Amino acid sequence: MVDIGGAKLKNRFMNASGCFGYGVEFDRLMDLKKLGAIVVKGVSTVPWRGNSGVRIAETPAGMLNCIGLENPGVDYFLTNYLPFLKEKEIPIVVNVVGRSSEEYVEVVKKLAGSGVTALEVNISCPNVKAGGMSIGTSPETANQVVKAVRSETDLPLWVKLSPNVTDIVEIALAVEDAGADALTLINSLTGMTIDVRSKKPLLGNITGGLSGPAIRPIAVRMVYQVAGRVKIPVIGVGGITCLEDALEFFMAGASAVQVGSGLFRDHTLLERLPSEFEAYLEEEGLTAEELVGIARRNVNA
Ligand SMILES: Cc1cc2nc3c(=O)[nH]c(=O)nc-3n(C[C@H](O)[C@H](O)[C@H](O)COP(=O)(O)O)c2cc1C
């Protein structure tokens with residue numbers, strides 16, 4: 001077991017929210033028990049339809065999406081998905097979304113006593129008009145929303161940060177100050193693509209979130225910067241496609257990692273990564289704790 005901000009995980013490898021549905025979808029593709037924890041797609045107070053039009057576009061080293069947090073709502077999640085996840089006996093992290101502090105708090109209240117392991121408050125989705133990234137790009141609103149959620153729950157509280165900011169450390173410190181137990185970074189970067197035949201933006205939402213290998217160096221940089229300043233654990237996410245990619249995040253200071261778009265190309269990746277990681281540590285004669293943040297210590301040595 002690994003402790004990440006008070007949440008006991010089976011290992012340091014999880015899926016990233018939104019790239020794994022609610023687990024049911026991946027059940028026939030992989031052994032879910034191999035996951036350190038399952039992170040479900042964002043859930044809101046009531047069902048959200050998401051954006052209309054084209055919602056996914058391929059890019060040279062990743063993808064753009066503008067799903068817009070389509071989800072069936074927290075009540076549906078509790079009734080229809082949570083029993084299945086509990087049967088699997090894997091730690092369950094619920095990604096929480098809202099358009100205002102009140103909406104985040106309402107979802108969190110409904111999750112009280114449900115048996116979920118941790119909350120991941122998403123203040124970073126670039127594809128919704130209210131809430132999401134509009135909250136997570138200002139230290140003041142980020143602090144305010146996280147404080148509101150913190151006062152409602154004793155569950156381990158992770159907060160997912162947006163890379164679409166000038167100073168990620170400023171936001172991370174504001175969220176830590178509000179009582180977060182861990183930080184997940186990064187969500188996708190705002191991008192855009194144009195269909196040159198129709199001469200119009202390809203995505204229905206005009207812009208979308210860029211994910212995949214293209215964003216990995218940015219994510220690694222942000223994890224390095226944030227982990228050097230906060231006292232709470234950092235969970236690294238962005239463009240992981242193999243063990244080496246994950247190692248970069250650990251060396252930058254992440255205590256655990258998540259894999260998102262990488263699963264669309266290789267759905268068995270999360271089955272292999274935990275054992276590959278253990279084999280690597282053994283070969284190097286290192287503990288996981290020694291590996292986390294080693295790149296910074298080597299710079300300062
Ligand atoms: C199709 C899709 C849907 C996503 N939905 C969510 C979501 O509901 N909540 C969230 O916090 N992040 C969501 N994300 C962001 C991912 O969790 C992750 O932060 C991002 O894709 C970067 O990681 P990756 O490069 O490994 O995909 C989504 C990403 C994709 C590609």
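Everything quoted here is computed from the prediction, not taken from an experiment. All ligand and atom numbering here is 1-based and tracks the order in the structure.
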Peer 1: Where is the nearest protein heavy atom to atom 5 (N) of ligand 1: which residue, which atom, and how far?
Peer 2: K41 NZ, 3.1 Å

Peer 1: Report the residues that fulfil ring pair (Phe, Tyr, Trp, His ring centres under 6.0 Å) with F20, sequence neighbours left out, ordered by chain and then residue number.
Peer 2: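 With sequence neighbours excluded, F20 shows a ring pair (Phe, Tyr, Trp, His ring centres under 6.0 Å) to F26, given in chain and number order.
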
Peer 1: Which other residues belong to the hydrophobic cluster containing F264, where Ile, Leu, Val, Met, Phe, Trp and Tyr are joined when side-chain heavy atoms lie under 4.5 Å apart, directly or via other members?
Peer 2: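 I56, M63, I67, all in the cluster of F264.
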
Peer 1: Would you indicate which of G209, S261, G18 comes nearest to atom 4 (C) of ligand 1 when only heavy atoms are counted?
Peer 2: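 Heavy atom nearest to atom 4 (C) of ligand 1 belongs to G18.
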
Peer 1: Would T45 and E106 count as a side chain to side chain donor-acceptor pair (under 3.5 Å) if you check the C-alpha gap in whole Å, the side-chain angles of each, and the deciding distance to 0.1 Å?
Peer 2: CA-CA 6 Å; T45 50; E106 205 178 318; 5.0 Å; no

Peer 1: Please write down residue, atom name and distance for the protein heavy atom closest to atom 15 (C) of ligand 1.
Peer 2: N187 OD1, 3.3 Å

Peer 1: Looking only at atom types and distance, does a side-chain atom of R55 sit under 3.5 Å from a main-chain N or O of G208, one as donor and one as acceptor?
Peer 2: no

Peer 1: Just let me know how C19 lines up against ligand 1, side chain, backbone, both or neither, with a heavy-atom cut-off below 4.0 Å.
Peer 2: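 Only the side chain of C19 comes within reach of ligand 1.
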
Peer 1: Return yes or no for this condition: an N or O of M63 is under 3.5 Å from an N or O of ligand 1.
Peer 2: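 No, there is no polar N/O contact under 3.5 Å.
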
Peer 1: Tell me whether the NZ or CZ atom of R12 lies within the 45° cone about the ring axis of F277 and under 6.0 Å from its centre.
Peer 2: no

Peer 1: Please report which non-hydrogen protein atom sits nearest to atom 21 (O) of ligand 1, along with the residue it belongs to and the distance in Å to one decimal place.
Peer 2: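 Residue, atom and distance for the closest contact: S211 CB, 3.2 Å.
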
Peer 1: Does any N or O of ligand 1 fall below 3.5 Å from an N or O anywhere on N95, backbone included?
Peer 2: yes

Peer 1: Heavy-atom contacts with G239 under 4.0 Å: which atoms of ligand 1 show up? List them by number with element.
Peer 2: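 Under 4.0 Å from G239, ligand 1 has these atoms: 24 (P), 25 (O), 26 (O).
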
Peer 1: Answer with yes or no whether G238 contacts ligand 1, where contact means a heavy atom under 4.0 Å from a ligand atom.
Peer 2: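 It does, in that a heavy atom of G238 comes within the 4.0 Å cut-off of ligand 1.
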
Peer 1: So which bit of I186 gets within less than 4.0 Å of ligand 1, heavy atoms only: side chain, backbone, both or neither?
Peer 2: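 Only the backbone of I186 comes within reach of ligand 1.
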
Peer 1: N/O to N/O below 3.5 Å, does that happen between G260 and ligand 1?
Peer 2: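 Yes - when backbone and side-chain N and O of G260 are compared with those of ligand 1, one distance drops under 3.5 Å.
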
Peer 1: So how far is it from I215 CD1 to S261 OG, rounded to the nearest 0.5 Å?
Peer 2: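 Interatomic distance, I215 CD1 to S261 OG, rounded to 0.5 Å: 7.0 Å.
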
Peer 1: Less than 3.5 Å between some nitrogen or oxygen of K160 and one of ligand 1, yes or no?
Peer 2: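 Indeed, backbone or side chain, K160 has an N or O that close.
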
Peer 1: Check this for me - ligand 1, A16, N or O atoms closer than 3.5 angstrom, yes or no?
Peer 2: no

Peer 1: Can you tell me which residue and heavy atom of the protein come closest to atom 13 (C) of ligand 1, and the distance to 0.1 Å?
Peer 2: S17 O, 3.0 Å

Peer 1: For atom 2 (C) of ligand 1, what is the closest protein heavy atom, and at what distance to 0.1 Å?
Peer 2: N65 ND2, 3.5 Å

Peer 1: Just to be sure I read this right, does ligand 1 sit under 4.0 Å from the backbone of N122, its side chain, both, or neither, counting only heavy atoms?
Peer 2: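 Side chain only.
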
Peer 1: Would you please test N71 and S44 for side chain to side chain donor-acceptor pair (under 3.5 Å) and show each step?
Peer 2: CA-CA 7 Å; N71 80 94; S44 50; 2.8 Å; yes

Peer 1: According to the interplanar angle, ranging from 0 to 90°, do the rings of Y22 and Y81 count as parallel (below 30°), tilted (30 to 60°) or perpendicular (above 60°)?
Peer 2: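 Ring orientation, 0 to 90° scale: parallel.
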
